[in-house]
Amino acid sequence: MGQMAQKIIKENKDEILKLLNTAYSEEWLAYYQYWIGAQVAKGPMRKTIADEFLEHAKEEFDHAKKVCDRIIQLGGTPVLDPEEWKKHAICRYDAPVDEFIVTLLEQNLEAERCAIGRYQQICNLCMSAKDIETFHVARHILSDELDHEQDLEDYLEDIKTSMEHMSKK
Ligand code: FE
Ligand code: FE
Ligand code: MG
């Protein structure tokens, strides 16, 4: 626990820690949603998209670590029990019950858009609380989430375009 780290953001510490634990829980759920989706996916460009899912899963895992480090530095406790993840998370976890790749892309896209909102929210709070370091952490994760959104949108667009193209033949 960083003594000075906590002192500089004294007033908003609890609110920031609460949001960080929300983001932390959402990262683990996002990690699993991508990882398990990559295992069961069926449909066009399966291998390519499953590899992208695994790459994103790894990045969500790295985000969880970064958020965890900051929670500890601020004197908080990261969520310790996986059973608590869904209670702290606001973004929803979508189990890949329908294994069709387009459904998985759409579910992950929704999760990414939710994550973008979360880190934007954390950045806003940190700006008003003058918590420069948490802002920095959240801002870097935010740019990864924006990349993830774009990647998924691109795949969905490509699949849609080729399906339209094929139906014209
Ligand atoms: Fe993430
Ligand atoms: Fe992401
Ligand atoms: Mg990517």
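Side chains included, hydrogens not; waters and symmetry mates left out as well; all remaining heavy atoms used. Note that ligands are numbered from 1 as they come in the structure, with each ligand's atoms numbered from 1 the same way.
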Colleague: Does Glu59 put an N, O or S atom under 2.8 Å from the Fe ion (ligand 2)?
Modeller: no
Colleague: Within the side chain of Gln150, is there an N or O that forms a donor-acceptor pair under 3.5 Å with the backbone of Leu146?
Modeller: no
Colleague: Would you name the N/O/S atom of Glu145 that lies closest to the Fe ion (ligand 2)?
Modeller: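 Going by distance to the Fe ion (ligand 2), the closest N, O or S atom in Glu145 is OE1.
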Colleague: Can you tell me if an N/O/S atom from His56 lies under 2.8 Å from the Mg ion (ligand 3)?
Modeller: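 His56 does place an N, O or S atom closer than 2.8 Å to the Mg ion (ligand 3).
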Colleague: Indicate yes or no: does Arg92 engage Asp94 in a salt bridge with an N to O separation below 4.0 Å.
Modeller: yes
Colleague: Between the Fe ion (ligand 1) and His148, is there an N, O or S atom separated by less than 2.8 Å?
Modeller: no
Colleague: Looking at Lys65 and Glu60, is there a salt bridge between them, counting it only when a charged N and a carboxylate O are closer than 4.0 Å?
Modeller: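 Looking at Lys65 together with Glu60, the answer is no, because their closest N to O distance does not fall below 4.0 Å.
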Colleague: Does Glu145 reach the main-chain N or O of Ala115 with its side chain, forming a donor-acceptor pair under 3.5 Å?
Modeller: no
Colleague: Do you see an N/O/S atom of Asp151, backbone or side chain, under 2.8 Å from the Mg ion (ligand 3)?
Modeller: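 Coordinating: yes.
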Colleague: Taking the Fe ion (ligand 1) as the reference point, name the nearest N/O/S atom of His63.
Modeller: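 Result: ND1.
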Colleague: Could you report the tightest heavy-atom contact between Val79 and Ser25, atom names first, then the distance?
Modeller: CG2-OG, 3.6 Å
Colleague: Look at the N, O or S atoms of Glu60, main chain and side chain alike, and state whether any lies under 2.8 Å from the Fe ion (ligand 1).
Modeller: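 Checking Glu60: at least one N, O or S atom is under 2.8 Å.
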Colleague: Can you tell me if an N/O/S atom from Glu149 lies under 2.8 Å from the Fe ion (ligand 2)?
Modeller: no
Colleague: Is there a donor-acceptor contact under 3.5 Å from the side chain of Thr103 to the main chain of Glu99?
Modeller: no
Colleague: Distance check below 2.8 Å: does Glu52 bring an N, O or S atom to the Mg ion (ligand 3)?
Modeller: yes
Colleague: For Ile159, does its backbone N or O pair with a side-chain atom of Ser162 as donor and acceptor, under 3.5 Å?
Modeller: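 Yes, Ser162 side chain to Ile159 backbone: donor-acceptor pair under 3.5 Å.
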